[in-house]
Asker: 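First, the structure itself, so that you have it in front of you.
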Amino acid sequence: MPTTHLPDVAGLLHLRNAHGDSAVVSLYGAQLLSWTTAEGREHLYCTPMPAVKPGASIRGGVPVCFPQFSGRGALPKHGLVRNLVWHVDGDVLSGDDQDVACVRLVATDTDGTRALWPHSFLLQLQVELGAGWVSVALNATNTGTAAFDFTAALHTYLAIPDVRQAAVAQLEGTRVLDTTVAGGSEAVHGAAPLRISDETDNIYFNAPAALSLLQDEQPFLQLDQQGFADSVIWNPGPAKAAQLGDMPAEDWTRMLCIEAAQIEHPVRLSPQATWRGVQRLTRSR
């Protein structure tokens, strides 16, 4: 059974609900690090060698990418907010009397973010923990006086028994960009589910709102998204995993990223307007 290896530092919020589900959220980056359902199964992958230091990010859980996805722009990879300390907004609802546990975190622009990206913003990230499901909602508000464009993603790392026996279904007919090929290679995904045997880094444009993760040909996890138009499926494969340095090389078989993303068409956000994107994960068995 997968387990998480969380850093022994302050700033971790522990959620639980009346059904026996639990979650851990870090104030550093507003990163959901663990989601365990009532039977004790951990559904999120987190590296056993996390780097908790200024400027570093933890590989695993659900990192927040804003206002840039990956290296597709002039900003640091995956944007500016993964390394910010976020703050709790309102009450943390957690405990045996809570049908749905909930926490909301907020972050705003700083001198450091404005030096790289001269815009004012307010981000809210809300984690809700229900019976056999967890949802992560990202709200982005333009608090400035001029419109700005952004891309974003919830870079979700899923824990699975063996990625080589896994598959992602419901992708049929979706336009896909394989970014492991120099310059990218675009195609339309066929009828068969996606299977992982080596490095995979696919962007699915205008992706289905619901995807199904299979393990050993059986439903394992349901993924639903709203607001995000695209999806990313990523696994480093054995060769790249051996070069990463912040996760054991063999762990490429234990994880798969299925990300809710907004990539192809950046969001144009007017002053005082708010955009919202949600990813919900539901245990299938």
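As the structure is a prediction and not an experimental result, all values here were calculated from the model.
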Asker: Okay, side chain of Asp162, backbone of Arg164: is any donor-acceptor separation there less than 3.5 Å?
Answerer: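 Confirmed, Asp162 side chain pairs with Arg164 backbone.
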Asker: Using a distance-only test with no angle check, is there a side-chain donor-acceptor pair under 3.5 angstrom linking His14 and Ser94?
Answerer: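 Their side chains do not contain a donor-acceptor pair, so the 3.5 Å distance test is not met.
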Asker: To check you understand the geometry: which heavy-atom pair defines the closest contact between Arg16 and Leu129, and what is its length?
Answerer: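 Where Arg16 meets Leu129 most closely, the heavy atoms are CA-CD2, 4.0 Å.
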Asker: Is there a donor-acceptor pair under 3.5 Å between the side chain of Glu42 and the backbone N or O of Trp35?
Answerer: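 Yes; judged by distance alone, with no hydrogens or angles, the pair exists.
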Asker: Is there a donor-acceptor pair closer than 3.5 Å between any side-chain N or O of Thr47 and the backbone N or O of Asp246?
Answerer: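 Yes: the side chain of Thr47 pairs with the backbone of Asp246.
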Asker: Please determine whether the number of non-hydrogen atoms from other residues, nucleotides or ligands lying under 6.0 Å from atom CG of Asp216 exceeds 12.
Answerer: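 Atom CG in Asp216 is packed in, count exceeds 12.
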Asker: So, does Asn17 use its side chain to make a donor-acceptor pair with the main chain of Gln98 at under 3.5 Å?
Answerer: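 A pair under 3.5 Å: no.
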Asker: Kindly work out whether a path of hydrophobic side-chain contacts (I/L/V/M/F/W/Y, heavy atoms less than 4.5 Å apart) joins Val267 to Val64.
Answerer: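 Result: yes, single cluster for both.
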Asker: Hydrogens and angles aside, do Arg59 and Tyr157 bring a side-chain donor and acceptor to less than 3.5 Å of each other?
Answerer: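 Distance-only check passes for Arg59 and Tyr157.
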Asker: State whether a side-chain donor-acceptor pair under 3.5 Å links Gln126 with Gln124.
Answerer: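 The criterion, which ignores hydrogens and geometry beyond distance, is not satisfied for Gln124 and Gln126.
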Asker: Centres of the Phe148 and Phe121 rings: under 6.0 Å?
Answerer: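 Judged by ring-centre distance (under 6.0 Å), Phe148 and Phe121 do not meet the cut-off.
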Asker: Do Asp21 side-chain atoms and Trp133 backbone N/O form a donor-acceptor pair below 3.5 Å?
Answerer: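 Not a single qualifying donor-acceptor pair exists.
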Asker: When you measure from the side chain of Asp109 to the backbone N and O of Thr113, does any donor-acceptor pair fall under 3.5 Å?
Answerer: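 No: the side chain of Asp109 does not pair with the backbone of Thr113.
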Asker: Distance from Thr141 atom OG1 to Leu269 atom CG, nearest 0.5 Å?
Answerer: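 Answer rounded to 0.5 Å: 7.0 Å.
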Asker: Apply side-chain contact (heavy atoms from CB on, under 4.5 Å) to Arg72 and Ile263, showing your working.
Answerer: CA-CA 9 Å; Arg72 299 168 70 90; Ile263 300 171; 3.3 Å; yes
Asker: Any side-chain to backbone donor/acceptor pair from Asp230 onto Glu264? Under 3.5 Å, distance only.
Answerer: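 Confirmed, Asp230 side chain pairs with Glu264 backbone.
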Asker: Could you grab the distance from atom CD of Glu259 to atom CG of Leu158, nearest 0.5 Å is fine?
Answerer: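 If we round to the nearest 0.5 Å, Glu259:CD and Leu158:CG are 9.5 Å apart.
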Asker: For the CZ atom of Phe66 and the CG atom of Leu138, what is their distance to the nearest 0.5 Å?
Answerer: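 It is 7.5 Å, given to the nearest 0.5 Å.
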Asker: Assigning hydrophobic clusters by single linkage (Ile, Leu, Val, Met, Phe, Trp, Tyr; side-chain heavy-atom cutoff under 4.5 Å), is Val134 placed with Val92?
Answerer: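 The answer is yes; both residues are in one hydrophobic cluster.
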Asker: Heavy atoms only: give me the nearest Leu33-Gly60 pair and the separation to one decimal.
Answerer: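 In this case the closest contact between Leu33 and Gly60 is CD2-O, 4.4 Å.
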Asker: Determine, step by step, whether Arg82 and Gln31 satisfy the side-chain contact (heavy atoms from CB on, under 4.5 Å) criterion, reporting the C-alpha distance in whole Å, the side-chain angles of both residues, the deciding distance to 0.1 Å, and the verdict.
Answerer: CA-CA 8 Å; Arg82 293 189 303 161; Gln31 196 162 335; 5.6 Å; no
Asker: Given side chains that start at C-beta, do those of Leu171 and Pro193 come closer than 4.5 Å, heavy atoms only?
Answerer: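 With C-beta onward as the side chain, the pair stays apart.
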Asker: Checking side chain to side chain contact (heavy atoms under 4.5 Å, CB included) between Leu256 and each of Thr156, Thr200, Ile196, which is the one that passes?
Answerer: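 Considering Thr156, Thr200, Ile196, a side chain to side chain contact (heavy atoms under 4.5 Å, CB included) with Leu256 is found only for Ile196.
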Asker: Is the closest basic N to carboxylate O distance between Arg195 and Glu217 below 4.0 Å?
Answerer: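 Looking at Glu217 together with Arg195, the answer is yes, because their closest N to O distance falls below 4.0 Å.
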Asker: Counting C-beta onward and ignoring hydrogens, is there a side-chain heavy-atom pair between Pro248 and Pro48 closer than 4.5 Å?
Answerer: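 They are in contact (side-chain heavy atoms under 4.5 Å apart), so the answer is yes.
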Asker: In Å, rounded to the nearest 0.5 Å, how long is the span from CZ of Arg280 to OG of Ser135?
Answerer: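 Output value for this atom pair is 6.5 Å.
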Asker: According to a 4.5 Å side-chain heavy-atom criterion applied to Ile, Leu, Val, Met, Phe, Trp and Tyr, with indirect links allowed, do Leu223 and Leu214 form part of one hydrophobic cluster?
Answerer: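 Hydrophobic grouping puts Leu223 apart from Leu214.
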Asker: Does Ser26 use its side chain to pair, donor to acceptor, with the backbone of Tyr28 at less than 3.5 Å?
Answerer: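 Yes, the answer is positive, given that a donor and an acceptor are paired below the 3.5 Å cut-off.
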Asker: What about Val62 and Leu80, same hydrophobic cluster or not, with Ile/Leu/Val/Met/Phe/Trp/Tyr joined at side-chain heavy-atom distances under 4.5 Å?
Answerer: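 As far as the 4.5 Å side-chain criterion goes, Leu80 and Val62 are connected within one cluster.
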Asker: Side-chain heavy atoms nearer than 4.5 Å, only ILVMFWY residues, links allowed to pass through others: does that put Trp86 and Leu13 together?
Answerer: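 Yes, one cluster joins them.
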Asker: How long is the straight-line distance from CG of Leu122 back to CG of Asn139, given to the nearest 0.5 Å?
Answerer: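 Nearest 0.5 Å value for the CG-CG distance: 8.5 Å.
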Asker: Rounded to the nearest 0.5 Å, what's the gap from CG on Asn142 to NE2 on His119? Could you check?
Answerer: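 Asn142 CG to His119 NE2: 8.5 Å, rounded to 0.5 Å.
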Asker: Work out which heavy atom in Arg268 is nearest to a heavy atom in Asp149; give both atom names and the distance.
Answerer: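 Closest heavy-atom pair between Arg268 and Asp149: CD-OD1, 2.6 Å.
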Asker: Determine, stepwise, if the pair Leu194 / Tyr204 fulfils side-chain contact (heavy atoms from CB on, under 4.5 Å).
Answerer: CA-CA 12 Å; Leu194 175 70; Tyr204 291 86; 3.6 Å; yes
Asker: Quick one: are the ring centres of Trp275 and Phe150 less than 6.0 Å apart?
Answerer: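 Judged by ring-centre distance (under 6.0 Å), Trp275 and Phe150 do meet the cut-off.
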Asker: Can Gln68 and Trp117 be said to form a side-chain contact (heavy atoms from CB on, under 4.5 Å), step by step?
Answerer: CA-CA 10 Å; Gln68 176 183 295; Trp117 192 63; over 6 Å; no
Asker: Can you tell me if Gln262 uses its side chain to pair, donor with acceptor, with the backbone of Ala229 under 3.5 Å?
Answerer: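 Such a contact is found between Gln262 side chain and Ala229 backbone.
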Asker: Are Asp201 and Thr179 close enough that a side-chain donor and a side-chain acceptor fall under 3.5 Å?
Answerer: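 Side-chain D/A pair, Asp201 to Thr179: present.
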Asker: Might you point out which heavy atoms bring Leu244 and Met247 nearest each other, and give the distance in Å?
Answerer: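 That closest heavy-atom pairing would be CD1-SD, 3.7 Å.
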Asker: Do Ser231 and Gln225 come within less than 4.5 Å of each other through their side chains, counting heavy atoms only?
Answerer: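 Touching, per the 4.5 Å side-chain cut-off.
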Asker: Check Val25 against Leu105 and note the closest heavy-atom contact, atom names and distance.
Answerer: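 Minimum heavy-atom contact is CG1-CD1, 3.8 Å.
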Asker: With a cut-off of 6.0 Å (strictly less than), are more than 12 heavy atoms of other residues, nucleotides or ligands near CD of Glu186?
Answerer: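 Correct, the count exceeds 12.
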Asker: Over all heavy atoms of both residues, which pair between Pro236 and Met255 is shortest? Give the atoms and the distance, please.
Answerer: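 That closest heavy-atom pairing would be CD-SD, 3.7 Å.
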Asker: Indicate yes or no for a side-chain donor-acceptor contact from Gln170 to the backbone of Ala210 under 3.5 Å, with no hydrogens or angles considered.
Answerer: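 Side chain of Gln170 to backbone of Ala210, a donor-acceptor pair under 3.5 Å: yes, one is there.
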Asker: Is any side-chain heavy atom of Leu15 closer than 4.5 Å to a side-chain heavy atom of Val127?
Answerer: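 Of all side-chain heavy-atom pairs linking Val127 with Leu15, at least one is under 4.5 Å.
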